[in-house]
Amino acid sequence: MSAKSRAEKIKLLILDVDGVLTDGGLYYDHEGNVTKRFNVQDGLGIKFAQQAGIDLAVITGLNHGAVEKRVTELGITDYYPGQREKLPFYEKLLKEKGLKDEEVAYIGDDWIDVPVMLRVGLPMAVRNAQPEIFSISKWISSRKGGRGAVREAISFILDVQGKLDEIWKEWAG
């Protein structure tokens, strides 16, 4: 089944953070606090997905305050930080939202994402993902994580679902 036919069914998009919403770098300030760099275009893409009725969730292996702050700003309420085993949280989301595997997309970049990526209807990878992640992905961005890859993935899904043009028209007047 093609990535386009899979994208038609998507109702929930799950995001990894480090290497997907960020460039994967850990930036330490002078007090030893970790800071993160997020891409504003990814954030606007998330808002477009929400506007189009696609739900979003974040399951991430690390737990940093900067991520929680950004996720909260974006209005994502399904946030699971510090989870090295992501599959139980994926299954929880399916049950709570009454969804099937084929109605979910996941964007990942590393081995920690594999168990969920093998289950979802549309496994997606960022350009800087590990080679093994490419081999299980049905769609790969042209952009790296933290550099607009999430926006590109969302635009792909919304375009396939026929929703991107309507959102563009609202912005273009």
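What you see is a predicted model, and the numbers here were worked out from it, not measured in a lab.
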Checking salt bridge (charged side-chain N to carboxylate O under 4.0 Å, His left out) for the pair Arg147/Asp42: CA distance, chi angles, key distance, verdict?
CA-CA 8 Å; Arg147 303 279 191 229; Asp42 287 340; over 6 Å; no

Check this for me: does any side-chain nitrogen of one of [X] and [Y] sit under 4.0 Å from a carboxylate oxygen of the other?
X      : Y      : value
Glu103 : Lys100 : no
Glu73  : Arg70  : yes
Lys11  : Asp55  : no
Lys92  : Glu96  : yes

Compare all side-chain heavy atoms of [X] with those of [Y] and state whether any distance is below 4.5 angstrom.
X      : Y      : result
Val34  : Tyr27  : no
Val150 : Leu15  : yes
Lys86  : Tyr106 : yes
Leu56  : Thr77  : no
Tyr79  : Thr72  : no
Ile107 : Asp16  : no
Leu44  : Trp171 : yes
Leu12  : Ile54  : no

Please check if Leu74 and Phe38 belong to a single hydrophobic cluster, counting links between Ile, Leu, Val, Met, Phe, Trp and Tyr side chain heavy atoms closer than 4.5 Å.
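Yes; tracing contacts between hydrophobic side chains, which count when under 4.5 Å, links both residues.
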
Please determine whether residues Leu94 and Met124 belong to a single hydrophobic cluster, defined as Ile, Leu, Val, Met, Phe, Trp and Tyr linked transitively by side-chain heavy-atom distances below 4.5 Å.
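No, because Leu94 and Met124 fall into different hydrophobic clusters, even though each may have its own neighbours under 4.5 Å.
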
Please step through side chain to side chain contact (heavy atoms under 4.5 Å, CB included) for the pair Arg127 and Arg143, ending with a clear verdict.
CA-CA 5 Å; Arg127 175 55 52 203; Arg143 296 180 182 192; 5.7 Å; no

Can you confirm whether the side chains of [X] and [Y] place a donor and an acceptor under 3.5 Å from each other?
X      : Y      : answer
Glu152 : Ser142 : yes
Tyr90  : Asp101 : yes
Trp111 : Glu132 : yes

Under the criterion side chain to side chain contact (heavy atoms under 4.5 Å, CB included), I'd like the reasoning laid out for Val58 against Ile14: C-alpha separation, chi angles, the key distance, then a yes or no.
CA-CA 6 Å; Val58 170; Ile14 302 174; over 6 Å; no

Partner of Lys36 under salt bridge (charged side-chain N to carboxylate O under 4.0 Å, His left out), picked from Asp23, Asp18, Asp29, is Asp18

Please walk me through it: do Ile140 and Phe134 pass side chain to side chain contact (heavy atoms under 4.5 Å, CB included)?
CA-CA 7 Å; Ile140 300 168; Phe134 292 145; 3.6 Å; yes

Within a reach of under 6.0 Å around CD of Glu85, are more than 12 heavy atoms found that belong to other residues, nucleotides or ligands?
no

Is the number of heavy atoms from other residues, nucleotides or ligands under 6.0 Å of Lys163 NZ greater than 12?
yes

Shortest non-hydrogen contact from [X] toward [Y]:
X      : Y      : result
Ala49  : Leu158 : N-CD1, 4.2 Å
Ala7   : Phe156 : CB-CE2, 3.7 Å
Ile157 : Ala105 : CD1-CB, 4.2 Å
Gly19  : Val126 : O-CG2, 3.4 Å
Asp113 : Gly108 : OD2-CA, 3.4 Å
Lys47  : Gly75  : NZ-N, 4.1 Å

Check: Gln83 side chain, Pro81 main-chain N or O, donor-acceptor pair, under 3.5 Å
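Side chain of Gln83 to backbone of Pro81: a pair is present.
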
Where the side chain of Arg84 meets the backbone of Gly61, is there a donor-acceptor pair that is under 3.5 Å apart?
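Not a single qualifying donor-acceptor pair exists.
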
Quick one: CD on Glu166 to CD on Gln161, what's the gap to the nearest 0.5 Å?
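That separation rounds to 13.5 Å.
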
Rounded to the nearest 0.5 Å, what separation is found between the CG atom of Asn39 and the CZ atom of Arg151?
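Here the interatomic distance stands at 9.0 Å.
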
Working note: Leu62 + Val67, criterion side chain to side chain contact (heavy atoms under 4.5 Å, CB included); need CA distance, chi angles, decisive distance, verdict.
CA-CA 9 Å; Leu62 297 177; Val67 177; over 6 Å; no

Centroid-centroid distance, Trp168 to Phe48, less than 6.0 Å:
no

Out of Val17, Thr22, Leu26, which residue meets the side-chain contact (heavy atoms from CB on, under 4.5 Å) rule with His64?
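Exactly one pass, corresponding to Leu26.
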
